[in-house]
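Counting begins at 1 with the first residue of the sequence.
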Amino acid sequence: MNQGRSTLSFTMRPMPARLQICCAAKKETVDKVCEVVKRQLALDNDKPITGESTFLDLGADSLDTVEIVMGLEEEFGITVEEDNAQSITTVQDAAELIEKLCSEKSA
């Protein structure tokens, strides 16, 4: 009793690596990074910081950025290599890198 419908079948294939989608960091991670950044830069609690906030816009210079990375390493118990540290420009970048490093550490 097909009633004029054709039978469909689907085959699942692995997605090529270049097309995989990277998920954004968890809100808890972004919030924790915001706290560390506020503390390292001695920002007022009413200063808004979001995932899109850049360290430059928050008034950080290169030394401040190094101190932020060191604070994040201490807070999350990770080690950030210099080449990875140089690619961090926003709170979101930092949160995503932290989650990546934490998952690699626990694997």
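Counting only residues at least two apart or on different chains, the side chain to side chain donor-acceptor pair (under 3.5 Å) pairs with a member in residues 68-78 are R39-E75. For residues 57-70, every residue pair satisfying the side chain to side chain donor-acceptor pair (under 3.5 Å) rule, not counting sequence neighbours, is listed here: T54-D57. Residue pairs meeting the side chain to side chain donor-acceptor pair (under 3.5 Å) criterion with at least one partner in residues 25-36, sequence neighbours excluded, are K27-D31, T29-E99.
Cluster note: V66 groups with M70 through ILVMFWY side-chain heavy atoms spaced under 4.5 Å, whether in direct contact or through intervening members.
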Determine all donor-acceptor pairs shorter than 3.5 Å in which one atom belongs to a side chain in residues 76-84; sequence neighbours excluded.
residue, atom, partner, partner atom, Å
E82, OE2, Q86, NE2, 3.3

Please table the atom pairs, donor to acceptor, closer than 3.5 Å between any side-chain atom in residues 40-47 and protein atoms at least two apart or in another chain.
none

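The shortest heavy-atom contact between T90 and F55 is O-CZ, 4.0 Å. Closest heavy-atom contact between I49 and C34: CG2-SG, 3.5 Å. The two residues L58 and V37 come nearest to each other via the heavy atoms CD1-CG1, 3.7 Å. Considering every non-hydrogen atom in both L72 and A94, the closest pair reads CD1-CB, 3.9 Å.
Remark: S103 OG to I98 CD1 distance equals 12.0 Å, nearest 0.5 Å.
Remark: K100 pairs with E104 by the side chain to side chain contact (heavy atoms under 4.5 Å, CB included) rule, at least two apart or across chains. Applying the side chain to side chain contact (heavy atoms under 4.5 Å, CB included) test to T50 and every residue at least two apart in sequence or in another chain returns E52, S53.
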